[in-house]
Amino acid sequence: MFGTGPCANHSGRNRYMLKFLFCRATEPTAPAWNNREEEWQVPAGREQDPLEPLWRAMWNWNRGQPVATGKREHGDAALSDLLAGSEAERLKAAYTIGLHAFDQHDEVFRLWLAEADEAEVRAQRREHTSPCEHMFGYLLASQGAAGLVLLEEALGAEDWRIRGSAVDAAGDMGNEARSLVPHVTTMASDPSPWVRCNAVEALGVLGDARDDVTTILGQALYDEDYLVGHNAALALRKLGTASGAAIDMLLKASTHGELYRRKNALMALEVLLE
């Protein structure tokens with residue numbers, strides 16, 4: 001029998017697992033399949049599923065369209081719903097809260113800090129869990145261009161957990177957040193490794209391959225935190241072009257003692273030097 005995740009095996013029988021690792025090389029700009037319907041169709045019998053708004057957003061993203069839809073303007077979910085109920089119910093709130101919620105500026109950041117406290121406790125209990133995974137980040141990313149003003153403010157927040165969540169959201173937003181590249185580039189040297197990790201990953205998604213950006217990513221290859229170096233190599237591979245300085249740093253990183261930095265650097269060089 002094949003396992004599908006890191007769950008404990010209580011069966012008394014051997015379990016085998018197939019693990020597939022995927023690294024997307026580009027963001028979608030058009031459907032990659034024979035897409036005959038532009039509008040999302042809710043699966044029969046799943047109309048009330050709390051994840052339906054998320055599915056709709058992913059449909060738009062896979063078609064190369066803005067994730068946000070006109071339905072968001074008058075969403076009736078409350079900001080407090082982001083901190084209540086199951087994970088599915090919180091995700092539903094993140095993908096249905098309307099733009100009017102942003103008028104509650106102080107309340108947004110008060111509740112966001114409360115969620116950051118909760119997320120940090122969760123990360124301390126679970127290995128490899130990011131303390132910057134916040135529903136408020138998903139909310140802003142799913143708002144598209146309408147969330148840029150608040151997102152830019154969050155990038156400069158005093159609390160590193162908010163900065164880390166915000167820069168992650170900028171990467172999730174993709175092309176609509178390209179105006180934030182100067183802020184994100186600066187965050188590649190943030191004091192927090194989680195912020196740096198999310199920042200270099202976001203730079204690969206945002207698609208700005210200017211020499212100053214790719215040179216900063218090259219420098220990040222040698223960050224003291226291995227995840228930052230890991231993401232920097234993947235970001236350079238995704239951008240598909242790099243400064244000479246970044247190429248030199250990738251060549252050096254291709255002999256790095258850490259497996260993933262070395263392998264990711266080699267994978268980036270395969271694209272950049274072809």
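All of these numbers come straight from a predicted model, not from anything done at the bench.
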Quick one: do F136 and L79 satisfy side chain to side chain contact (heavy atoms under 4.5 Å, CB included)? Show the steps, please.
CA-CA 9 Å; F136 274 91; L79 288 171; 3.9 Å; yes
When you check the gap from the basic side-chain N to the acidic O, do R262 and E258 get nearer than 4.0 Å?
no
E118: partners by side-chain contact (heavy atoms from CB on, under 4.5 Å), with sequence neighbours left out
R90, R122
Just to verify, what does W59 make a ring-ring contact (aromatic ring centres under 6.0 Å, His included) with, not counting sequence neighbours?
W33, W40
Side chains of residues 170-180: which donor-acceptor pairs under 3.5 Å do they make with residues two or more places apart or in other chains?
unit_1 : atom_1 : unit_2 : atom_2 : d
E176   : OE2    : A145   : N      : 3.4
R178   : NE     : L206   : O      : 2.7
R178   : NH2    : L206   : O      : 3.0

Any chance you could measure S165, atom OG, to L140, atom CG, to the nearest 0.5 Å?
7.5 Å
Report yes if the side chains of L83 and W112 come closer than 4.5 Å at any heavy-atom pair, otherwise no.
no
Please identify each residue that fulfils ring-ring contact (aromatic ring centres under 6.0 Å, His included) with H105, with sequence neighbours left out.
F109
Working to the nearest 0.5 Å, report the span between OG1 of T129 and CD of Q124.
11.0 Å
same_hphob_cluster(L155, Y138) at 4.5 Å side-chain heavy-atom cutoff:
yes
Looking only at heavy atoms, what is the nearest atom pair of A188 and A199, with distance?
N-CB, 3.9 Å
With sequence neighbours left out, what residues match R36 under side-chain contact (heavy atoms from CB on, under 4.5 Å)?
N34
Under 4.5 Å between side-chain heavy atoms, counting indirect links through other Ile/Leu/Val/Met/Phe/Trp/Tyr residues: same cluster for V108 and W160 or not?
yes
Which heavy atom of T96 sits nearest to which heavy atom of P53, and what is that distance?
CG2-CG, 3.6 Å
Are M249 and T215 side-chain neighbours, meaning at least one heavy-atom pair lies under 4.5 Å?
yes
Steps toward side chain to side chain contact (heavy atoms under 4.5 Å, CB included) verdict (L236, L250)
CA-CA 9 Å; L236 286 166; L250 278 168; 3.9 Å; yes
Suppose we screen for ring-ring contact (aromatic ring centres under 6.0 Å, His included). Which residues come up paired with W61, at least two apart in sequence or across chains?
none
Do Q48 side-chain atoms and R46 backbone N/O form a donor-acceptor pair below 3.5 Å?
no
Please lay out, stage by stage, how T241 and T214 fare under the test side chain to side chain contact (heavy atoms under 4.5 Å, CB included).
CA-CA 8 Å; T241 184; T214 60; 5.6 Å; no
Do the rings of Y222 and H256 sit parallel, tilted or perpendicular, given the 30° and 60° boundaries?
tilted
Around atom CD of E47, are there more than 12 heavy atoms from other residues, nucleotides or ligands closer than 6.0 Å?
yes
Residues two or more places apart in sequence or in another chain: which of them pass side chain to side chain donor-acceptor pair (under 3.5 Å) with R237?
none
For S130, all residues meeting side chain to side chain donor-acceptor pair (under 3.5 Å), sequence neighbours excluded:
none
Sequence neighbours excluded, which residues qualify as side chain to side chain donor-acceptor pair (under 3.5 Å) partners of H183?
E152
Identify the two heavy atoms, one from S11 and one from N9, that lie closest to each other, and give their separation to 0.1 Å.
OG-OD1, 2.7 Å
I'd like to know if the side chain of N35 and the backbone of P31 have a donor-acceptor N/O pair within less than 3.5 Å.
no
Check this for me: does any side-chain nitrogen of one of E89 and K92 sit under 4.0 Å from a carboxylate oxygen of the other?
no
Would you mind listing every side-chain hydrogen bond (donor to acceptor under 3.5 Å, both in side chains) that reaches into residues 194-212, with sequence neighbours excluded?
R196-D223, D208-R210
Look up atom CD in Q104 and atom CZ in R110, then write down how far apart they are to the nearest 0.5 Å.
10.0 Å
Distance from E153 atom CD to I162 atom CD1, nearest 0.5 Å?
11.0 Å
Please lay out, stage by stage, how W55 and N60 fare under the test side chain to side chain contact (heavy atoms under 4.5 Å, CB included).
CA-CA 9 Å; W55 299 338; N60 290 338; over 6 Å; no
Would you kindly confirm whether I216 and L221 end up in one hydrophobic cluster when ILVMFWY residues are joined by side chain heavy atoms under 4.5 Å apart?
no
Separation of C132 SG from D168 CG (nearest 0.5 Å):
8.0 Å
CE/M135 to CG/L91 distance, rounded to the nearest 0.5 angstrom?
4.0 Å
For L251, is there any backbone N or O sitting under 3.5 Å from a side-chain donor or acceptor partner on T255?
no
Show the atom names and distances, to 0.1 Å, of all donor-acceptor pairs under 3.5 Å that link a side chain in residues 264-274 to residues at least two apart or in another chain.
unit_1 : atom_1 : unit_2 : atom_2 : d
N264   : ND2    : H230   : NE2    : 3.4
N264   : ND2    : Y260   : O      : 3.2

What residue pairs, at least two apart or across chains, pass salt bridge (charged side-chain N to carboxylate O under 4.0 Å, His left out) with a residue in residues 157-166?
D117-R161, E120-R161, D159-R161, R163-D190
Note: V228 and P193 closest approach over all heavy atoms is CG2-O, 3.7 Å
Looking only at heavy atoms, what is the nearest atom pair of L239 and G207, with distance?
CD2-CA, 3.6 Å
Please name the pair of heavy atoms, one in L111 and one in S80, separated by the smallest distance, quoted to 0.1 Å.
CD1-N, 4.0 Å
Report whether I97 and V149 are members of the same hydrophobic cluster (ILVMFWY, side-chain heavy atoms less than 4.5 Å apart, transitive linking).
no
In the single-linkage hydrophobic clustering (I, L, V, M, F, W, Y; side-chain heavy atoms under 4.5 Å), do V205 and V167 co-cluster?
no
